Amino acid sequence: MKSKLLIALMLSSAAWAASAAAETTVKVGVVAPLTGPQAHLGKDIENGARLAVDAINASKPSLGGQPVQFSLMVEDDQADPKTATVVAQKLVDEGAKGVIGHLNSGASIPASRIYADNAIPQVSPASTAVAYTHQGFKTTFRVMANDSQQGKALGQYAVKLGKRVAVVDDRTAYGQGLIDQVVKAVKEAGGEVVGREYTTDKSTDFTAIMTSIKAKKPDVVVFGGMDPQAAPMVRQMRTLGMKTAFLGGDGMQSAEFIKLAGSAAEGAIGSSPGLPLEKMPGGAGFTQRFGEKFGKVQIYAPFAHDAAVVLIQAMLKAGSAEPAQYLPELVKTQIDGVIGPIAFDDKGDLKDGPVTLYQVKDGKWQAVETIGGPAAN
Amino acid sequence: MDVLLQQILNGLILGSLYAMVALGYTMVYGILELINFAHGEIVMLGAMVAVSVLALLTALGVPVPLALLAALTAAVAVCVATGVLVERVAYRPLRNAPRLAPLITAIGVSIVLQNLAMIFWGRQYLSFPPVLDIQIYEFAGATITNVQILIVAVAAVTMGGLLLLVQRTRLGRAMRATAQNREVAGLMGVDVNRVIAATFAVGSALAAVAGLLIAAYYGIAHYNMGFILGLKAFSAAVLGGIGNIPGALLGGLLLGVIESLGAGYIGDLTGGFLGSHYQDIFAFFILILVLIFRPSGLLGERVADRA
């Protein structure tokens with residue numbers, strides 16, 4: 001496999017040398033769910049990356065003295081771990097030099113092994129699970145804060161609202177991981193975890209656990225899980241007469257949560273990695289450029305845009321689209337992106353990734369505070 | 001706040017919902033000795049139809065009581081039609097087949113109904129429109145809402161109505177006769193097919209009501225909601241004594257209360273070793289105990305002496 005790749009590389013560089021005057025094309029993969037319930041978010045990623053690539057192509061870039069154009073190979077992973085590995089292999093086979101994706105941590109993690117085995121750098125614009133960059137691969141990067149940064153922000157904010165914190169998680173990798181970080185941060189900030197309850201990602205009845213939490217008189221309840229559980233949970237809290245603040249991670253910071261919880265959603269606080277679009281350093285300009293071509297930004301477009309910029313800048317700097325050549329440049333990335341300053345730590349995580357807290361006011365999520373991020377330091 | 005009282009109340013409300021679904025299992029089992037695994041999906045259909053109709057009508061500006069009535073009617077109509085159709089298509093042709101065959105068919109029907117609902121409504125959750133003005137009452141340190149009171153009241157009324165139907169009407173007598181001995185009942189002039197279809201219709205109507213109540217209580221409906229609910233309700237029916245109508249009521253309430261107390265206290269009892277997501281082990285542990293010492297369930301099984 002490796003030697004085949006090498007031969008292919010040598011052949012392709014020989015082909016480049018032969019067509020010295022002609023423009024070469026470098027293929028970059030973009031993977032996200034483009035069908036199914038998250039299709040709108042996947043399209044957001046594709047469009048964000050496309051905006052970046054079009055802008056770079058228009059600037060007549062050159063790679064090692066050769067004029068070059070970048071083209072996107074777009075694949076649909078259906079937010080499914082199995083499909084993710086299939087399309088990852090396809091991208092590798094068809095000669096992608098780098099990959100922007102995937103959206104879901106559950107897809108990014110299995111696919112990252114395939115990219116790593118073929119030494120192809122992967123920059124995810126959206127996957128937040130800590131495990132993604134902690135597998136020991138040198139090729140995994142992300143331009144979004146991870147769940148450890150998010151859990152820390154949630155825990156710190158919870159203690160600001162009140163010292164007595166109760167936590168609930170849904171026993172999934174995401175929920176449990178997030179709440180573990182919250183618990184740590186709460187203790188560090190001088191708060192007290194007065195109750196830890198568990199549920200599953202299929203439950204709808206939380207009256208029993210909420211009743212025992214109520215008896216412990218917490219000031220704040222933090223939930224690690226997704227919106228189909230968070231919504232009935234906050235409803236049942238309110239019908240038990242609990243006026244306690246309700247916090248959660250990006251799994252519940254969605255429009256769906258407000259729709260399902262109705263009036264009980266009011267006042268709930270959800271965190272999400274990154275800055276709100278209007279607070280991003282390049283947010284206003286991006287919204288305008290994106291709007292002219294593709295319309296409204298969902299969530300991930302600015303992150304996908306910067307992922308593409310980071311990847312291509314590293315190639316241009318190294319003067320080569322060969323992963324072995326440009327990977328060292330990628331590691332050293334130091335740019336001011338749309339989303340803010342981007343640099344990676346030794347794991348490939350975004351350094352000082354900011355996390356923004358939103359609160360439901362009048363049936364809408366509104367940004368209240370950003371924790372962390374280079375801007376704050 | 002009185003935690004114990006609140007947990008028991010939580011359990012009784014949850015139990016009322018289980019009991020209403022358990023009735024559907026128990027009635028069919030009483031007559032056919034068939035575990036109708038598709039019954040949980042009928043509840044799901046009831047919830048989905050009710051939520052859809054309610055959302056449509058309230059968006060059109062129809063007054064809330066009228067919209068609720070229409071949603072209930074539509075849910076009952078769809079559930080009864082589906083229940084009777086399932087019996088006619090999937091169970092009647094197998095009535096004299098070995099007992100395992102209709103059981104497998106029931107599981108198949110359950111999967112088919114779930115997937116049809118997924119195709120029709122999609123994978124996302126439906127939300128119950130905010131038409132009910134939820135009032136919270138406090139007494140003796142516990143809280144209860146008007147929706148919860150409604151659930152218990154509706155469960156009590158339907159249960160009473162069902163007992164009256166079975167004990168006091170002509171159809172009820174025909175049902176009991178069919179349950180005792182299908183062949184002899186047929187010889188005595190009971191139209192067995194009609195009675196069985198009626199049993200499915202009544203069970204499905206109860207499922208529709210339960211579906212509406214569940215959607216109203218939790219605020220959401222989903223194509224997948226019937227599976228676990230069906231499993232719990234079936235366990236409740238077995239706990240009370242499958243085939244026995246008061247048994248389904250007792251089993252449902254008991255299961256609800258045990259689950260609530262389990263989830264509420266398991267963490268403290270085991271010093272945090274087992275968390276509240278292990279709530280089900282209490283319920284199923286007690287189910288196993290009951291089955292060891294009273295294999296026919298708490299209130300026995302009227303048809304047990306038949307075999």
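Computed over heavy atoms, backbone and side chain alike; hydrogens, waters and symmetry mates excluded. Every chain is numbered from 1, with letters handed out A, B, ... down the list of sequences. From a predicted model like this one, the values you see are computed outputs, not experimental measurements.
Neither the backbone nor the side chain of A/R196 comes within less than 4.5 Å of any heavy atom of chain B. Interface remark: B/S127 contributes backbone and side-chain atoms alike to the contact with chain A (heavy atom separation under 4.5 Å). If you measure heavy-atom distances from B/T145 to chain A, the contacts under 4.5 Å come from the side chain alone. Heavy atoms closer than 4.5 Å to chain B are found in both the backbone and the side chain of A/T204.
The candidate from A/R238, A/K202, A/M210, A/K259 with the greatest count of non-hydrogen atom pairs under 4.5 Å with chain B is A/K259. Of the listed residues (A/D227, A/I209, A/I213, A/D205), the one with the most heavy-atom contacts under 4.5 Å to chain B is A/D205. Taking chain A as the reference chain and counting heavy-atom pairs below 4.5 Å, the highest number among B/G219, B/A263, B/P130 is found for B/G219. Chosen from B/L126, B/I134, B/L14, the residue pairing most often with chain A at heavy-atom distances under 4.5 Å is B/L14. Of the residues considered (A/P232, A/P228, A/G241), A/P228 shows the highest number of contacts with chain B, using heavy-atom pairs under 4.5 Å. Counting heavy-atom pairs under 4.5 Å between each of A/Q236, A/E256, A/R171 and chain B puts A/R171 at the top.
Using modelled atom types, one finds no donor on one side chain facing an acceptor on the other under 3.5 Å when comparing A/Q253 with A/D250.
The two residues B/Y25 and B/A233 come nearest to each other via the heavy atoms CE1-CB, 4.0 Å.
Distance OG1/A/T211 to CD/B/Q6: 4.5 Å, rounded to 0.5 Å.
A heavy-atom distance below 4.5 Å is found between the side chains of B/L23 and B/M159. Between B/L261 and B/L4, the closest side-chain pair of non-hydrogen atoms falls below 4.5 Å.
Taking the six-membered ring where the residue is Trp, the centroids of B/F120 and B/Y223 are separated by 6.0 Å or more.
Checking each of A/D147, A/V193, A/V167, A/V168 against A/I179 for a side chain to side chain contact (heavy atoms under 4.5 Å, CB included) leaves exactly one that passes, namely A/V167.
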